[in-house]
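All remarks here apply to the structure that follows.
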There are 4 protein chains.
Amino acid sequence: MRVGVLTGGGDCPGLNAVIRAVVRKGVGEYGYEFLGFRDGWKGPLENVTCELGIPQVRGILPRGGTILGSSRTNPFKVEGGVERIKENLASNGVDALVAIGGEDTLGVATKLSELDVKVVGVPKTIDNDLGATDFTFGFDTAVNIATEAIDRLHTTAESHHRIVVVEVMGRHAGWIALHSGLAGGANVILIPEVPFDIEKIVEHVESRFRTNYSPIIVVAEGATPKEGTYALHNEELDSFGHVRLGGVGDMIAQELEKRTGKEARAVVLGHTQRGGTPTAFDRWLATRFGLHAIEAVHDGDFGQMVALRGTDIVRAPLAEATRELKVVTPELYAEAGVLFG
Amino acid sequence: MRVGVLTGGGDCPGLNAVIRAVVRKGVGEYGYEFLGFRDGWKGPLENVTCELGIPQVRGILPRGGTILGSSRTNPFKVEGGVERIKENLASNGVDALVAIGGEDTLGVATKLSELDVKVVGVPKTIDNDLGATDFTFGFDTAVNIATEAIDRLHTTAESHHRIVVVEVMGRHAGWIALHSGLAGGANVILIPEVPFDIEKIVEHVESRFRTNYSPIIVVAEGATPKEGTYALHNEELDSFGHVRLGGVGDMIAQELEKRTGKEARAVVLGHTQRGGTPTAFDRWLATRFGLHAIEAVHDGDFGQMVALRGTDIVRAPLAEATRELKVVTPELYAEAGVLFG
Amino acid sequence: MRVGVLTGGGDCPGLNAVIRAVVRKGVGEYGYEFLGFRDGWKGPLENVTCELGIPQVRGILPRGGTILGSSRTNPFKVEGGVERIKENLASNGVDALVAIGGEDTLGVATKLSELDVKVVGVPKTIDNDLGATDFTFGFDTAVNIATEAIDRLHTTAESHHRIVVVEVMGRHAGWIALHSGLAGGANVILIPEVPFDIEKIVEHVESRFRTNYSPIIVVAEGATPKEGTYALHNEELDSFGHVRLGGVGDMIAQELEKRTGKEARAVVLGHTQRGGTPTAFDRWLATRFGLHAIEAVHDGDFGQMVALRGTDIVRAPLAEATRELKVVTPELYAEAGVLFG
Amino acid sequence: MRVGVLTGGGDCPGLNAVIRAVVRKGVGEYGYEFLGFRDGWKGPLENVTCELGIPQVRGILPRGGTILGSSRTNPFKVEGGVERIKENLASNGVDALVAIGGEDTLGVATKLSELDVKVVGVPKTIDNDLGATDFTFGFDTAVNIATEAIDRLHTTAESHHRIVVVEVMGRHAGWIALHSGLAGGANVILIPEVPFDIEKIVEHVESRFRTNYSPIIVVAEGATPKEGTYALHNEELDSFGHVRLGGVGDMIAQELEKRTGKEARAVVLGHTQRGGTPTAFDRWLATRFGLHAIEAVHDGDFGQMVALRGTDIVRAPLAEATRELKVVTPELYAEAGVLFG
C-alpha cells in the first residue's frame with residue numbers, strides 16, 4: 001500500500017505532528033510506503049512530490065508550519081484537474097490519500113471522494129470553526145500566543161492609562177477572541193457573530209477608567225459594527241475584500257481616542273498567531289488525528305475525516321463534516337460578558 | 001446571600017481563576033456577598049476567614065497558586081469538626097459554600113452536603129484522574145511544562161549520546177506522562193497503570209542507539225516495575241510510602257546505565273509542574289467552572305459539582321463524581337506506543 | 001532621610017524591579033523612608049503621591065509596567081513648574097529623588113539637579129540608545145519577544161513561500177532590529193542609521209527564493225528609504241509625524257509584493273514588545289541599577305546616574321550621560337550583514 | 001583554506017549558533033571550506049568527520065545542543081594522541097581548527113597550539129566561570145530557565161506555606177544561583193564560594209514565616225556547609241565525587257524541615273537548564289563569537305580565543321584565558337544579600 005499525504009490552506013501549528021504520526025504508524029504498524037505531495041492539491045495536480053518516510057519525519061513534531069508546503073490550489077477550478085490528479089496518483093502508484101486541511105481542502109477531498117479517489121481527511125482550522133469536531137489543532141497555540149500578548153499589554157495599559165485594542169484572528173468566528181479574551185482578562189471582547197455598538201464600548205471604557213483601571217479590548221479581525229452605529233473606512237478594503245491597512249482594531253482605537261479623549265493603541269497580532277512550535281495540547285491532538293487517520297486508511301474507511309468528541313477521536317463523513325461553520329453561540333458570548341468590567 | 005469559598009489539597013494553576021469567576025459573577029449578576037475561608041477546610045473549621053470581593057480578585061487571573069491558601073485538613077477526622085463548621089458558617093452568615101478541590105476536599109464536601117451543608121464543588125486535580133470530567137484545570141499547564149522540558153532534554157541527549165529519564169507527576173494515573181510524552185516525542189512512556197519490564201526498556205534503548213539517536217524516557221512518579229523484573233530500593237521509601245531520594249526516575253537511570261553501558265541522567269520535574277501562570281486552556285476551563293459553580297448556587301442546586309463534557313460545562317452529583325479514579329486505558333497506552341522508536 | 005521615587009516616559013520591563021531594589025535596600029540598609037510620586041514628573045509637579053515601602057514592593061519584581069504610573073509631563077514647559085516641584089518636595093519632607101526614565105525624564109533631572117534638587121538618575125530606554133551605558137533594562141525583553149516572533153514567522157513563511165516583514169521598535173536607533181534580526185536569523189535587517197535601497201532588498205529576496213527559502217525581513221519602525229529609491233506614502237503620517245496606518249513594514253511588504261510578484265505579509269509587533277514580565281537579564285540589571293542608585297543617594301553623590309560597563313555598575317554625571325544617542329555603527333551593521341542570505 | 005570545527009565538553013545553548021556563524025562567514029566572505037569533527041577532540045583523534053557547509057547549518061540557529069556532538073575526550077591522555085591529531089588534520093587537508101569548548105577543550109587547544117597546530121578558540125561554559133570574558137553563551141539561557149522555575153515555585157510555596165529549595169547548576173562558581181536568585185526574588189542564595197551556615201538559614205526562614213511569606217532558597221549544586229555547622233551525607237557521593245541521590249538541595253530541605261517543623265520541598269533543575277533553544281542574548285553572543293573566531297583564522301591570529309568585553313568582541317591568548325576561574329566576589333554576594341527577606 002502506498003499512501004500520499006498533502007497539507008492545504010493556511011499553515012497551522014500541528015501540521016507536522018499529523019504528518020509524523022501518519023507516517024510512523026503507517027510504516028511501523030502497517031508496513032505502508034508514503035509519498036509526499038507538495039503545496040496542497042497543487043502537488044497531485046502538477047505531480048510535484050517529495051520523499052516521505054521515517055527519516056523525513058524525524059524531529060518535526062515540535063516544528064510549526066508544514067514540511068510539505070501549502071497552497072490554496074483548487075483542482076476543480078482547473079480544466080481537467082480531476083483527471084490529472086487521478087493520473088498522477090496512478091502513475092505514482094498511490095492507492096490512498098491523507099488530506100490535511102480546512103474547509104477548502106476538505107471540500108476538494110469530499111468531491112474527489114465522490115469521484116472514487118480514496119481519501120481520508122484530517123480537519124485543520126486555526127479558527128476552530130469546524131462543526132464536526134470539538135477542537136482543531138493550532139487553535140490552542142493561537143489562543144496561548146494571543147493570551148500572552150494580552151498579559152503583556154495589561155501592564156503597559158495600566159502604566160500609561162491607555163486603552164489597548166488587540167486584534168486577533170477570526171474572519172467568520174470569534175473563538176480565538178473569546179478564548180484569549182477570557183484567558184487574558186479582557187474588558188471587552190468583540191466577535192464577528194455579534195455586531196458591536198461603539199457607544200456601548202465607549203461607556204464601558206469610561207466606567208473602567210472611573211475605577212482607575214485601563215481597558216483592554218480584544219477584537220476578532222472579522223468583527224463589524226452594528227449598522228448605523230459606526231462606519232468602517234470601506235475604501236481601505238484590499239483585493240480580498242478585507243480591511244488591510246488599518247483593520248478593525250485600528251479603526252476602533254481611533255474612534256475611542258476621538259470619543260473618550262484617552263490615548264488608545266491598537267496591536268494587530270497577525271501571523272505570529274499561526275507560526276512556531278505547537279502547544280502540548282495541539283501536538284497531542286494533531287498526533288492522535290494522524291494515528292486515527294491512517295487507521296481509517298487501513299480499515300478502508302474512505303470519505304471520512306477524523307474528529308475530536310470529548311476525549312475520543314471519532315470518524316465523520318467528509319460531506320457532513322464541512323457542511324456547517326461552528327460559531328460562538330449567544331449563550332457562550334453572554335457567559336463571557338459577565339466577567340467584563 | 002453570602003457565599004463562602006475555599007480551596008483545598010495540592011495547589012494547581014487555575015485556582016485563582018475559579019475564585020475570580022465565582023466572585024465576579026456572584027457580585028455582578030446576583031448581588032451576592034462573599035467570604036474567603038483560609039487554607040481549605042481548616043478555614044471553616046477554625047474560623048479563619050478573609051475578605052473576598054471584587055478588589056481581592058483583581059489581577060489574580062494569570063497568577064498560579066491560590067490567594068486563599070490550602071491545606072489537607074479533614075474536618076471528619078477532628079472531634080466535633082462538622083459541628084464547628086456548621087457553627088462557623090452560621091456565625092459568619094454564610095448560606096452556601098463553593099469548595100474547590102480534589103478527591104479529599106470534595107469527599108468532605110460530599111459528606112457535609114449529606115449533612116445539610118449547602119455546597120457546590122469545583123473539581124481540581126493536576127493529575128486529571130477524576131472520572132466525572134473530561135479534563136481538570138492545571139493539567140494542561142503541567143503537561144506544557146513537562147513537554148517544554150522534554151523538548152530541551154532532546155538536544156542535550158543527542159549531543160552527548162545519553163539516555164535521559166524524565167520523571168513527571170502522576171501517583172496513580174499516567175495522564176501527565178502520556179500527554180507530555182506524546183507531545184514531547186518521548187521514546188518510552190511508563191505509567192502507573194502498566195507495570196514496566198526493565199528488559200524491554202533496555203532493548204528499546206539499544207535499538208534507538210543503533211539508529212544513532214538518543215532515547216528519552218518519560219516516567220510517571222507512580223510507575224512500578226513488573227513483579228520479578230527489577231527491584232526498586234524499597235528501603236528508600238519515605239514516611240508516605242513514596243520513594244523519596246532517588247525516585248523511580250533515578251532508579252531507572254541507574255539501572256539502564258548499568259545494563260547498557262551508556263550514560264543515563266534522570267531529571268525530576270517536581271513542583272515546577274504545578275506552580276506559575278496557567279495556560280490559556282486552564283484559565284478558560286477554570287473560569288468557566290467558576291461561572292457555572294456560582295450559577296449552581298444561584299439555582300439552589302447543591303450537592304453538585306461542575307464538570308467538562310466535550311465543550312460543555314455540566315453538573316454532576318458530588319457523590320458520584322468522586323467515586324472513581326480515571327486511569328489511562330490499555331487502548332490509549334497502546335495508541336501512544338505505536339509512536340515509540 | 002526621605003526619598004521620593006518616580007518613573008517617566010514609555011513603560012519598560014524592569015521599572016518595578018528598580019523601584020523594589022531602591023526601596024528594599026533603602027529601608028533595610030539605610031533606614032530610609034520613601035514616597036512614591038505618580039506618573040513621572042507630573043507627580044512632584046501636581047503633588048500626586050502614593051505610599052511606597054516594603055509592602056508596596058512585594059511581588060512586583062516579575063511584573064511589567066510600573067506601579068508608580070508614567071507620563072511625559074515636562075515641568076520646564078509649565079509656568080512655575082520648577083518652583084512647584086521644589087515646594088512639593090519640601091512640603092512632603094522629601095530630601096532626595098530617584099528619577100527613573102529616558103532622555104526626557106533624565107533631561108529634566110539634569111536641569112533640576114543644576115537648580116539644587118538632589119536627584120540620582122536611573123537610565124531607562126527600551127531602545128538601548130543611551131550612550132553612557134552598555135545596556136539598559138527592557139531591551140533584552142524586547143529583543144526576546146521580537147526573536148520569538150521571528151522564530152514563529154519563519155515556519156509560516158516557509159510553508160507558504162511568502163516574504164514576511166517584521167516591524168520592530170526603534171525610532172532613532174536600530175538596536176532591537178539588529179539584535180532580534182541576528183538572533184532570529186533574519187535575511188535582511190533595516191535600521192534607521194542606514195537608509196535602505198529597495199532595489200537591493202528585491203535582489204536579495206529573489207536570490208533567497210531561488211534557493212527555495214522564504215525571506216524574513218526585520219525593519220526598525222524608524223527605518224527610511226534612501227533618497228530617490230522609493231517614496232513612503234507621506235500623506236499617511238500621523239500628528240506626531242510618524243507613519244501611522246501602514247508603517248514602514250507595511251509599505252515595504254506592499255512594494256516587495258508589487259516588484260517580486262510574491263506574496264508578502266507585514267507583522268507589526270508594536271506594544272507587545274514593551275509589556276509583560278522582564279527577562280532574567282533585565283531583572284538583574286534593573287535590580288542592580290536600583291541598588292546602586294540608592295547607594296549614590298546615601299553617598300550624597302547627586303547629579304549622577306548609574307550605568308552598566310562590562311559587568312560593573314558605575315556612576316556617570318547626568319549631564320554627560322544624556323548628551324549623545326548611541327546608534328548602531330557601520331561596523332556592527334556590516335558584521336551582521338555577513339550572515340544574510 | 002580548509003577549516004575544521006569541533007565542540008567539546010558539556011552541551012550548551014548557542015553551540016549551533018557559533019558553528020553557523022563560523023561557516024556562513026567563512027564560506028560567504030572568505031571562500032573557505034569546512035570539515036566537521038564529531039564529538040570534541042575524539043573527532044580529530046579518531047578521524048571521525050562529517051560534512052559541514054551552508055546546507056548543514058541551515059535552521060540550526062534556534063536549536064539547542066550541537067550538531068557536531070560532544071565528548072570529554074582528551075588527546076593528551078591517549079598514547080600518541082597529538083601525532084594522530086596532526087596526521088588526521090593533514091590527511092583531511094585541514095589547515096586550521098576552530099575549537100568551541102570550556103576549560104578542558106580549550107586547555108587541549110592551548111597545548112596543541114604550542115605544538116604548532118593552528119587553533120582559534122571559542123569559550124563555552126554554561127556556568128559563566130571563565131575569567132577572560134564578561135559572559136559566555138548558554139549562561140543567559142540557563143539563568144532564564146532557572147528564573148522561570150523560581151517564579152513558578154513562589155506561588156506553590158505561598159499556597160502551601162512551604163519552604164522551597166531550588167538546586168541549580170554551578171559546581172565551582174555561583175553565577176547561575178546568584179543571577180537566577182536575584183531575578184527570581186529568592187530569599188536566600190547559597191553559592192560554592194561562600195560556605196553556608198545552616199543556623200542562619202533557619203533564622204532567615206523563620207523570620208520569613210513570621211511575616212506570613214514562604215521562603216524560596218536557591219542553592220548552587222556545589223555549595224557546601226561551613227565546617228562544623230552541618231554534615232552532608234558523604235556516603236552518598238557518586239563515582240565522580242558528587243552528591244548523587246539527594247544533592248545539596250535535598251539535604252538542606254530535609255534539614256530545614258527537621259529544624260523548623262515546616263514542610264520543605266527540594267526541586268533539582270538539572271539538565272533542563274542546559275538544553276533547548278537559546279535566548280536572544282545567547283544567540284547574539286554565540287553568533288558574534290563565531291564571526292570573530294573565523295576572522296581570527298583569516299587574520300592568521302592563532303592561539304587566541306574570542307571574548308566579550310562590554311559590548312565588544314576581543315581576542316585573548318588561549319593560554320591566559322583559561323588560567324583562572326571567575327568566581328562570585330564577596331562584594332557581589334553582599335550586594336544581593338541586601339535584598340533577602
Side-chain angles (χ1 to χ4, degrees), chain A residues 7 9-13 15-16 38-40 63-72 141 145-146 148-162 164 166 212 214 233 236 238 243-247 249-251 253-254 265-278, chain C residues 7 9-13 15-16 38-40 63-72 141 145-146 148-162 164 166 212 214 233 236 238 243-247 249-251 253-254 265-278:
Chain A
T7 55
D11 73 314
C12 194
L15 286 168
N16 284 327
R38 301 275 320 159
D39 297 343
R63 277 168 50 197
T66 161
I67 57 165
L68 298 176
S70 188
S71 76
R72 299 193 184 278
T141 303
I145 293 171
E148 201 195 305
I150 299 168
D151 280 358
R152 292 196 172 274
L153 293 165
H154 268 295
T155 57
T156 198
E158 292 301 339
S159 301
H160 290 285
H161 319 295
R162 257 182 208 153
V164 176
V166 188
N212 269 316
S214 301
H233 303 223
E236 305 202 42
D238 68 12
V243 179
R244 175 128 192 211
L245 296 181
D250 280 318
M251 301 305 172
Q254 287 177 54
R265 291 283 181 277
V267 176
V268 182
L269 297 185
H271 282 76
T272 51
Q273 294 163 89
R274 66 185 325 138
T277 194
Chain C
T7 55
D11 73 315
C12 195
L15 287 167
N16 284 327
R38 300 275 319 160
D39 296 345
R63 276 167 51 194
T66 160
I67 58 165
L68 297 176
S70 187
S71 77
R72 300 193 183 276
T141 304
I145 293 171
E148 199 196 307
I150 298 169
D151 281 357
R152 292 195 173 276
L153 293 166
H154 268 296
T155 57
T156 197
E158 292 302 339
S159 303
H160 290 286
H161 319 294
R162 258 182 206 155
V164 176
V166 188
N212 269 316
S214 302
H233 303 222
E236 304 203 42
D238 68 11
V243 178
R244 176 124 192 212
L245 294 182
D250 280 318
M251 300 306 172
Q254 286 179 52
R265 291 283 181 278
V267 176
V268 182
L269 297 184
H271 283 76
T272 50
Q273 293 164 88
R274 68 188 320 143
T277 195

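Everything quoted here is computed from the prediction, not taken from an experiment. Lettering follows sequence order; numbering is per chain, from 1.
- Proximity to chain C (any heavy atom under 4.5 Å) is shown, for A/S214, by neither the backbone nor the side chain.
- Taking CD from C/E158 and CZ from A/R63, the interatomic distance works out to 9.5 Å, rounded to the nearest 0.5 Å.
- The heavy-atom pair separating C/G65 from A/S159 by the smallest distance is CA-OG, 3.1 Å.
- Heavy atoms of C/H154 lying under 4.5 Å from chain A are absent altogether.
- Here the CG-OG1 distance, from C/L269 to A/T272, works out to 7.0 Å after rounding to the nearest 0.5 Å.
- Within the 4.5 angstrom heavy-atom criterion, no atom of C/S71 approaches chain A.
- Of the two parts of C/N16, neither the backbone nor the side chain holds a non-hydrogen atom closer than 4.5 Å to a non-hydrogen atom of chain A.
- Between chain A and the options C/T7, C/V164, C/D39, the largest number of non-hydrogen pairs under 4.5 Å is found for C/D39.
- Put simply, the side chain of C/T155 never gets that close to the backbone of A/G275: no donor and acceptor are under 3.5 Å apart.
- Ranked by non-hydrogen atom pairs under 4.5 Å with chain C, the options A/G276, A/A149, A/P13 are led by A/G276.
- Options C/G270, C/G64, C/G40, C/C12 differ in how many heavy-atom pairs under 4.5 Å they form with chain A, and the most are formed by C/G64.
- Formation of a donor-acceptor pair under 3.5 Å by the C/S70 side chain with backbone atoms of A/H160 is not found in this model.
- Here NE2 of A/H271 is found 8.5 Å from CG of C/L153. Values are rounded to the nearest 0.5 Å.
- When heavy atoms are compared at a cutoff of 4.5 Å, C/V268 approaches chain A solely by way of its backbone atoms N, CA, C and O.
- Taking C/L68, C/D151, C/T277 one by one and counting their heavy-atom pairs under 4.5 Å with chain A, the maximum is reached by C/T277.
- Note that the CZ atom of C/R152 and the CZ atom of A/R274 stand 13.0 Å from one another [nearest 0.5 Å].
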